[in-house]
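What you see below is based on every heavy atom in this structure, not just the backbone, and it leaves out hydrogens, waters and symmetry mates. Per chain, numbering begins at 1; letters A, B, ... match sequence-line order.
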Protein chains: 2
Amino acid sequence: MTVREQPAKEHRRTRQRAAVDDVLDETEDFISAQELHALLRARGAGVGLATVYRTLQTLADDGRVDVLRSDAGEAVYRRCVREEHHHHLVCRSCGATVEIAGPAVERWAKSVADQHGYSDVSHTLEIFGTCPRCAAA
Amino acid sequence: MTVREQPAKEHRRTRQRAAVDDVLDETEDFISAQELHALLRARGAGVGLATVYRTLQTLADDGRVDVLRSDAGEAVYRRCVREEHHHHLVCRSCGATVEIAGPAVERWAKSVADQHGYSDVSHTLEIFGTCPRCAAA
DNA sequence: GGTGGTTTTGACAATGGTTGTCAGTCTTGA
DNA sequence: TCAAGACTGACAACCATTGTCAAAACCACC
């Protein structure tokens, strides 16, 4: 039983928030505020950068998006989904990405956490390497 | 945690690096570069901020300190307890950290990368949860 | 103890993600 | 329709971190 039950205040529906929502709906992976802003600008739905940040913060506060920190320290966001997550094998050089399922790793992480009495467990795992094409070049 | 396979180059021994080392030795928890810099200044052993950053980066590259990202996105450092590559089980609430060795995961990551032809492989893996003490509170 | 070639340092500028500001705009309930 | 006030956007401010480069420190090697 969690104690934090903020009754998610009502917010006004605006064009900008709808636009951010749309992008989040279409985006499977974590996305940074900067990327989201660039995407919106590219598709013509201009939304101020500050507004993107504020909207994401609000969504995060309401528990409607997950927030992580990328390796570079950038905050990245993703629509909260309860579905099984997957990991990524990313090319360091060209960014080519392969999605990876690792049920064994999930179980391992869970059991390690259990052994130490940690509850409410989540984890992050990314694999980096050089893809065949970049290795050949 | 990120895997690195750089063969720890030799570095010169300087007053500044010794000072940073001392602080790390005395510090149980993760500490930010800014905090470390302030500490050094406070105790009279003035070390430039850029130098603190460089020293920590070097130590991290050599695998002699662990690097994490605080919730605020700040990079935080701690003397490595284990020599080999390892991961962390971190309490979301209080930051309590347990170091984890996962040889099976290392092998798994390697084999997944191999299957897709990726070379020069590294990976990051962190487990987050609520530690027993915070869960009780 | 000198000496020279490197490495390291530190002050400062630059970068880049994120947040603060505030006048003007838009949404909503009445 | 109308007023209250929530929301927006352009821009400045913040701040951790990195880049720069001349000066200082270090470490073989004389």
| task | Would you indicate whether A/R43, at its atom CZ, is surrounded by more than 12 heavy atoms from other residues, nucleotides or ligands within a distance under 6.0 Å? | result | yes
| task | For the helix from C/dG1-D/dC30 to C/dA30-D/dT1, figure out the bend between the end axes, five pairs an end, and round to 10 degrees. | result | 40°
| Centroid-centroid distance, A/H123 to B/H88, less than 6.0 Å | no
| task | Answer whether the closest heavy-atom distance between the side chains of B/L125 and B/V105 falls below 4.5 Å. | result | yes
| Is B/H37 reaching over with its side chain to a backbone N or O of B/V47, donor-acceptor style, under 3.5 angstrom? | yes
| request: Please state whether the phosphate of C/dG16, meaning OP1 or OP2, lies under 4.0 angstrom from any side-chain nitrogen or oxygen of A/Q34. | output: no
| Reading DNA chain D 5' to 3', which nucleotide is the first, and which the last, to come under 4.0 Å of any heavy atom in chain A? | D/dG5 to D/dA10
| Nearest-angstrom distance from the residue atom NE2 of B/H37 to C1' of C/dC12 | 13 Å
| Side chain B/R78, main chain B/V65, donor-acceptor under 3.5 Å | no
| message | Is it the case that over 12 heavy atoms from other parts of the model lie below 6.0 angstrom from the CZ atom of B/R15? | response | yes
| said: Under 4.0 Å between a side-chain nitrogen and a carboxylate oxygen: does that hold for A/E26 and A/R79? | reply: no
| field | Exercise: do A/Y77 and A/E35 side chains pair donor with acceptor under 3.5 Å | value | no
| Rounded to whole angstrom units, what separation is found between the CD atom of A/E35 and the C1' atom of C/dG17? | 12 Å
| query | Is there side-chain contact between B/T14 and B/T55, with heavy atoms separated by less than 4.5 Å? | reply | no
| message | Between the side chains of A/K110 and A/D114, is the shortest nitrogen-to-carboxylate-oxygen separation below 4.0 Å, so that they form an ion pair? | response | yes
| said: Walk along nucleotides 19-30 of chain C from 5' to 3' and tag each nucleotide B, S or - by protein heavy-atom contact under 4.0 Å, base first, then sugar-phosphate. | reply: BBB-----BS--
